[in-house]
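Count residues from 1 along the sequence. Just follow the structure's listing: the first ligand is 1, and inside any ligand the first atom is 1.
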Amino acid sequence: MVGSPRKDGNVDRLVQVVLDGAEEAGYEIEKYRLNEMNYSGCQGCNYCKSADNCKIDDDLSGLLEAIREADAVVFGSPIYFYLFSGQFKLMQDRMYSFIDSEFRSRLAPGKKAVIVTSQGHPDISAFEKAADEFAGIMKILGFEVAEIIRMGGGGAPDAVLERKDLLDKAKATGKAL
Ligand SMILES: Cc1cc2nc3c(=O)[nH]c(=O)nc-3n(C[C@H](O)[C@H](O)[C@H](O)COP(=O)(O)O)c2cc1C
């Protein structure tokens, strides 16, 4: 999934290359651009602590179902003020419905996650906490984090086209899933 509003931006392109690699490895692929979907943030109603799904029925319902079914998920977001984008964060909170009343994940264990970020600052260590903390959430949900791909210097949406190293890493990551 792509949490950047920039279609054909750095996150979108890197996520696509991971998906291309996974497709070459035999995966069936689905891609979601969060910015093109209509959805709400978590309402904190705790319905999902007695039922096993989120009560809200909107464009995220299908994505949450797809995550339940998937063997691997690619999570992509730009860095906005040190964090993942608002579009991504609203989706992230809705994954609370994957956690039961005992704080155990309802997801089948062993799903793989790939995390893709892009930031304007050229030094990736400047904003690495966002992806590291999201990797922690992934582990709570039972995912194995296969790779974190971090793009720096991503001010221009097509800056990643100059980063053969990252494009190669994205392709190899997808193939290895
Ligand atoms: C609202 C907003 C906040 C941003 N905050 C940061 C930031 O804290 N650190 C940074 O390095 N870049 C920041 N940027 C730049 C983006 O992270 C950068 O352009 C990124 O490559 C965008 O990814 P995309 O090409 O996939 O859209 C910000 C951009 C926007 C629009």
Side-chain angles (χ1 to χ4, degrees), residues 1-25 27-42 58-60 62-64 66-67 70 72-96 111-139 141 143-177:
M1 77 190 66
V2 177
S4 172
R6 297 206 295 193
K7 197 171 177 184
D8 297 326
N10 300 293
V11 171
D12 192 5
R13 290 173 196 265
L14 282 168
V15 166
Q16 185 61 52
V17 176
V18 179
L19 295 177
D20 290 345
E23 192 165 31
E24 281 180 33
Y27 274 88
E28 193 180 309
I29 298 305
E30 285 178 28
K31 184 174 181 183
Y32 295 80
R33 287 196 182 90
L34 296 176
N35 198 55
E36 295 173 0
M37 298 163 63
N38 290 314
Y39 53 91
S40 323
C42 173
D58 61 13
D59 286 358
L60 275 191
L63 172 54
L64 293 172
I67 293 172
V73 184
V74 185
F75 294 92
S77 177
I79 301 296
Y80 281 0
F81 288 123
Y82 284 77
L83 303 171
F84 283 2
S85 67
Q87 291 92 329
F88 191 94
K89 182 65 165 61
L90 291 188
M91 181 289 302
Q92 178 184 302
D93 290 349
R94 294 279 297 279
M95 291 199 292
Y96 192 54
K111 291 179 190 290
K112 292 182 182 172
V114 177
I115 302 169
V116 173
T117 67
S118 183
Q119 64 184 52
H121 198 293
D123 176 6
I124 54 169
S125 71
F127 298 101
E128 64 193 353
K129 270 193 186 167
D132 291 347
E133 286 175 3
F134 185 70
I137 295 168
M138 291 286 88
K139 284 175 194 156
L141 290 174
F143 281 82
E144 172 205 326
V145 178
E147 191 62 81
I148 302 178
I149 299 170
R150 307 171 199 260
M151 162 88 188
D158 60 356
V160 74
L161 297 181
E162 306 295 319
R163 292 296 305 276
K164 188 174 180 315
D165 57 330
L166 285 182
L167 294 169
D168 288 350
K169 182 177 180 178
K171 190 66 168 283
T173 297
K175 279 186 175 177
L177 283 172

Counting only nitrogen or oxygen atoms and a 3.5 angstrom limit, does [X] reach ligand 1?
X: Gly154; value: yes
X: Gly120; value: yes
X: Phe81; value: yes

Atom indices of ligand 1 within 4.0 angstrom of [X] heavy atoms, with elements:
X: Tyr80; value: 1 (C), 2 (C), 3 (C), 4 (C), 5 (N), 28 (C), 29 (C), 30 (C), 31 (C)
X: Pro78; value: 22 (C), 23 (O)
X: His121; value: 10 (C), 11 (O)
X: Val11; value: 26 (O)
X: Tyr82; value: 8 (O)

- Message: Among residues at least two apart in sequence or on other chains, which ones pass side chain to side chain donor-acceptor pair (under 3.5 Å) with Glu30?
- Response: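 Per chain and number, Glu30 pairs via side chain to side chain donor-acceptor pair (under 3.5 Å) with Tyr32.
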
- Task: Provide, to 0.1 Å, the distance between atom 17 (O) of ligand 1 and the closest protein heavy atom, together with that atom's residue and name.
- Result: Ile79 O, 2.7 Å

- Task: Output yes when Asp93 and Lys89 qualify as a salt bridge under the 4.0 Å nitrogen-oxygen rule, no when they do not.
- Result: yes

Would you mind reporting whether [Y] and [X] have side-chain heavy atoms less than 4.5 Å apart?
X: Leu63; Y: Arg94; result: no
X: Phe84; Y: Ile79; result: yes
X: Val18; Y: Leu14; result: no

- Nearest to atom 27 (O) of ligand 1 by heavy atom, Ser85, Ser4, Ala130: which?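 Nearest option to atom 27 (O) of ligand 1, by heavy atoms: Ser4.
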
- Note on the structure: To atom 22 (C) of ligand 1, the nearest of Arg6, Gln119, Arg13 on a heavy-atom basis is Arg6

- For Ser85 and Gly3, indicate whether the former's side chain and the latter's backbone hold a donor-acceptor pair under 3.5 Å.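 Side chain of Ser85 to backbone of Gly3: a pair is present.
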
- Task: May I ask you to decide if Thr117's main-chain N or O and Arg150's side chain share a donor-acceptor pair within less than 3.5 Å?
- Result: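 Answer holds: no.
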
- Message: Applying side chain to side chain donor-acceptor pair (under 3.5 Å) to Gln16 and Asp12, what does each step give before you reach the verdict?
- Response: CA-CA 6 Å; Gln16 185 61 52; Asp12 192 5; over 6 Å; no

- Message: Using a 4.0 Å heavy-atom cut-off, which part of Ser118 comes near ligand 1: side chain, backbone, both, or neither?
- Response: both

